[in-house]
Amino acid sequence: MNEDEMISRQLLQLARRIKQRRNLHIQDLNLTLGQGDALKYFAENPSQTIAMFKDYQGITHQTARVIVKHMVTLGIVTLVPNPNDGRSKLVQVTPLGASKYAQLDKHGWQTSEELFTGFTPEERQCFLTLARRANANLERE
């Protein structure tokens, strides 16, 4: 196995571990992965439309609508008229949704803390720089 293969393997293992933890945290909140992603998006980007979420996630409008519809049923978000466009509604996070988002965010920070245990600030910055460059390389394809 050459060095590039070893690096790729380590990155895949890291991605799997992060994803496993994320999935467990989302399940603890009784949400699906799609609902967890939507909650994070709408909590961090207030008063957005389903179409904006769809574009952000790169999913179909129908999929985004189903995710949001289920979240409305769970009381995590509400839909309110869009004052700028009568054809769409804005998605707003409810107090229950805000509580779940806070828990999700806390879990994310805990994972991050564990991930970077023993890293110096310089190593963290280097990791970020290299990760951004690697992502940019793949986005160009």
Side-chain angles (χ1 to χ4, degrees), residues 1-85 87-141:
M1 186 178 298
N2 69 33
E3 189 174 273
D4 286 348
E5 291 171 327
M6 287 190 296
I7 292 169
S8 293
R9 182 171 170 76
Q10 287 298 310
L11 288 173
L12 286 172
Q13 287 177 335
L14 176 60
R16 278 191 211 111
R17 285 193 175 100
I18 291 170
K19 190 173 182 176
Q20 282 176 325
R21 285 177 181 238
R22 178 180 169 267
N23 293 350
L24 288 173
H25 297 318
I26 288 173
Q27 286 174 352
D28 286 347
L29 296 173
N30 295 315
L31 299 173
T32 66
L33 294 177
Q35 291 167 351
D37 289 342
L39 177 57
K40 183 171 175 44
Y41 176 79
F42 291 116
E44 294 175 0
N45 303 281
S47 297
Q48 300 291 301
T49 65
I50 293 171
M52 292 169 175
F53 171 64
K54 167 202 68 120
D55 292 342
Y56 178 78
Q57 286 294 102
I59 58 177
T60 66
H61 190 75
Q62 180 63 26
T63 299
R65 279 186 30 178
V66 169
I67 290 169
V68 172
K69 179 183 174 195
H70 287 227
M71 293 174 71
V72 168
T73 302
L74 293 171
I76 296 169
V77 297
T78 59
L79 298 175
V80 298
N82 184 345
N84 300 322
D85 182 354
R87 298 169 295 165
S88 68
K89 296 193 183 294
L90 301 177
V91 181
Q92 294 187 337
V93 176
T94 65
L96 173 62
S99 173
K100 287 184 180 280
Y101 171 75
Q103 290 174 291
L104 191 60
D105 192 51
K106 179 182 173 191
H107 289 306
W109 282 110
Q110 288 171 338
T111 298
S112 182
E113 227 174 84
E114 290 178 42
L115 174 64
F116 293 111
T117 297
F119 279 55
T120 65
E122 294 79 18
E123 289 171 327
R124 285 178 184 225
Q125 185 58 50
C126 182
F127 186 93
L128 175 61
T129 300
L130 294 172
R132 283 181 174 159
R133 189 184 317 162
N135 276 315
N137 287 345
L138 292 179
E139 284 177 6
R140 284 187 221 141
E141 291 184 354

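Counting only heavy atoms from C-beta outward, the side chains of Thr60 and Lys54 never approach each other to under 4.5 Å. No side-chain heavy atom of Leu90 sits less than 4.5 Å from a side-chain heavy atom of Pro81.
Not a single donor-acceptor pair under 3.5 Å links the side chain of Asp105 to the backbone N or O of Tyr101. Proximity of a side-chain donor or acceptor of Glu123 to a complementary backbone N or O of Thr120 within less than 3.5 Å is detected. Side chain of Thr63 to main chain of Ile59: no donor-acceptor pair is present (N/O by atom type, distance under 3.5 Å, no hydrogens or angles). Looking only at distances, a side-chain donor or acceptor of Thr94 sits under 3.5 Å from a matching main-chain atom of Ile76.
Taken from CG in Asn30 to CD1 in Ile26, the straight-line distance is 12.0 Å, to the nearest 0.5 Å.
Ring geometry for Phe127 against Phe116 counts as perpendicular: the plane angle is over 60°, on a 0 to 90° scale with 30° as the lower cut.
Taking 4.0 Å as the cut-off between side-chain N and carboxylate O, Lys40 and Glu44 count as a salt-bridged pair.
Closest approach of Val93 and Ala98 over heavy atoms only: CG1-N, 3.3 Å.
By the 6.0 Å contact criterion, CD on Glu113 is open, its count of non-hydrogen atoms from other residues, nucleotides or ligands being 12 or less. Other residues, nucleotides and ligands contribute only 12 or fewer heavy atoms inside 6.0 Å of the CZ atom of Arg9.
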